[in-house]
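Owing to the predicted nature of the structure, the values given are computational and were not obtained by experimental measurement. Every chain is numbered from 1, with letters handed out A, B, ... down the list of sequences.
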Number of protein chains: 2
Amino acid sequence: MSVSDRKFSAKASAPSTVRPRLASPKARDARPDRGVLNGHLGYFMRRAQVWVFQDFIRTLAPIDIRPAQYSVLVVIGANPGLSQSDISDILGIERARLVRMLDRLDRRGLTLRLPSDRDRRSHALHLTREGQKLLKQAKMLAAQHEARLAELFGPANRQMMIEVLREFETRLAAGQSSR
Amino acid sequence: MSVSDRKFSAKASAPSTVRPRLASPKARDARPDRGVLNGHLGYFMRRAQVWVFQDFIRTLAPIDIRPAQYSVLVVIGANPGLSQSDISDILGIERARLVRMLDRLDRRGLTLRLPSDRDRRSHALHLTREGQKLLKQAKMLAAQHEARLAELFGPANRQMMIEVLREFETRLAAGQSSR
DNA sequence: TATTGTTATACTCTATAACTATA
DNA sequence: TATAGTTATAGAGTATAACAATA
């Protein structure tokens, strides 16, 4: 193997004393060791992302808008007339899933599927007046959520992570590595 | 409102020309605008995390181990004798979900639920010989995955993100803000 | 009374396949 | 033939509630 485990083992929290590998029941008393997870970016990204989404959901609960719904409303608001396939491409949401989601947003009177005048297969998506009003509220609440993140991460860290992740995304799009 | 939207609006990709707010069908030709999503850390974290997990799943596919299973095997391997509740607490996996997961790992001969000698309600979790062997392979593959991340993010960025996210987690644990 | 493992239910999200109407 | 929207299905993950055995 060319890449050794050590390379990714924990630096900060790995115990310096070797723990007996065989089951000693007392071992469970010690502060639990996450082992090599401490070296996996994906592990920390996942836990943090879950927390961030929970905070977002909690913050937008008064208007009953979830993260995926928010992202769709924002993109339609910024680009009226897009098709469902367009949204799907931009946000990486499955076309099949978008259908149900727009069904619900339509039923709530937030979005409209107008006939496209260029392709009779596709819909031109728009926000209703009410949809625009709700999106405005959503953005205000989302900004509160974002302010909380800035507080928790530190404003500089938050900004830097956004930049690193955006750059990552750009690199992926260029390389077509996956998806 | 004390927190304005502008604070979180895009810097890098926001169009400097104002786009007509009313639906003009031609608008969909322009490169689509993600609007305020460009200012949301959660949006980028989500997209990146999904990609990272997909890469992890692809990389560990030969041994049919998914991220959550990997994390459980790692923690049991590092702390033999833990109970299911312990694992649940450490990894933030619902106790109910762990049951099914361990059922499957048990059936595959990777883990064992031995009776605890201290509490007859709980199980002492262990890896079988085969489980230890598979975990070793899993760690090798996971290290390959991690090397790919280092390449894509840049080694320094990867390390920095791990540290920022770990610090974030620590702050949460201290504050008990959620979860 | 509270906790451990368990079963059950429901909902979100991801991943497919297949159908229809258009292109 | 390929694409847009749709329907359907299956699985992972999350969130609950409730129950039996045990603490």
Are Glu146(A) and Arg158(A) close enough, and set up right, to give a salt bridge (charged side-chain N to carboxylate O under 4.0 Å, His left out), and what steps lead you there?
CA-CA 9 Å; Glu146(A) 204 65 32; Arg158(A) 173 186 159 276; 2.9 Å; yes
Taking dT6(C), dC13(C), dG13(D) as options, the one with an atom nearest any side-chain atom of His123(B) is dT6(C)
Which nucleotide in dT4(C), dT16(C), dT7(C) has an atom nearest any side-chain atom of Ser122(B):
dT4(C)
Any ion pair linking Glu169(B) and Arg34(A) (charged N to carboxylate O, less than 4.0 Å)?
yes
Heavy-atom pair of closest approach, residues Gln69(A) and Asp64(A):
OE1-O, 3.7 Å
For Glu94(B) and dT16(D), what is the distance between atoms CD and P respectively, to the nearest whole Å?
8 Å
Could you state the OH-C1' distance from Tyr70(B) to dG13(D), rounded to the nearest angstrom?
20 Å
Among dT7(D), dT14(D), dT6(C), which nucleotide has an atom closest to any side-chain atom of Val50(A)?
dT14(D)
Ile93(A) CD1 to dC13(C) C1', in whole Å, measures 10 Å
Gln49(A) CD to dG13(D) P, in whole Å, measures 13 Å
Sequence-distant partners of Glu167(B), salt bridge (Lys or Arg N to Asp or Glu O under 4.0 Å), two or more places apart:
Arg171(B)
Distance test, side-chain N/O of Gln54(A) to OP1/OP2 of dT14(D), below 4.0 Å:
no
Between P of dT6(D) and CE of Met101(A), the distance in whole Å:
14 Å
Determine the contact category for Arg46(A): base if any of its heavy atoms lies under 4.0 Å from a base atom, sugar-phosphate if only primed atoms, P, OP1 or OP2 are that close, otherwise nothing.
sugar-phosphate
When you measure from the side-chain N and O atoms of Ser85(B) to the phosphate of dT4(C), is any distance below 4.0 Å, counting only OP1 and OP2?
yes
Could you give me the CA-CA distance, side-chain angles and deciding distance for Phe56(B) and Tyr70(B), then say whether ring-ring contact (aromatic ring centres under 6.0 Å, His included) is met?
CA-CA 10 Å; Phe56(B) 186 95; Tyr70(B) 176 74; 5.2 Å; yes
Is Arg113(B) near enough to dT6(C) that one of its side-chain N or O atoms lies under 4.0 angstrom from OP1 or OP2?
yes
Which letters describe nucleotides 17-23 of chain C, given B = protein heavy atom under 4.0 Å from base, S = only from sugar-phosphate, - = neither?
----BBS
Nearest whole Å is fine: how far is dT3(D) C1' from Asp86(A) CG?
12 Å
Using whole Å, what does the distance between atom P of nucleotide dA4(D) and atom CD1 of Ile87(A) come to?
13 Å
When rounded to whole Å, the CZ to C1' distance for the pair Arg66(A) and dA15(D) reads 11 Å
Counting any heavy atom closer than 4.0 Å, what does Arg100(A) reach on the DNA or RNA strands: base, sugar-phosphate only, or nothing?
nothing
Salt bridge check: are Arg113(A) and Asp103(A) linked by an N-O gap of less than 4.0 Å?
yes
Output yes when at least one side-chain N/O atom of Arg97(A) is less than 4.0 Å from OP1 or OP2 of dC11(C), else no.
no
Candidate nucleotides dT6(C), dT14(C), dT16(C), ranked by approach to the side chain of Gln84(B) - the nearest:
dT6(C)
Residue pairs meeting ring-ring contact (aromatic ring centres under 6.0 Å, His included), one or both in residues 72-125 of chain B, sequence neighbours left out, come to none
Please check if the side chain of Ser122(A) supplies one atom and the backbone of Ser83(A) the other of a donor-acceptor pair under 3.5 Å.
no
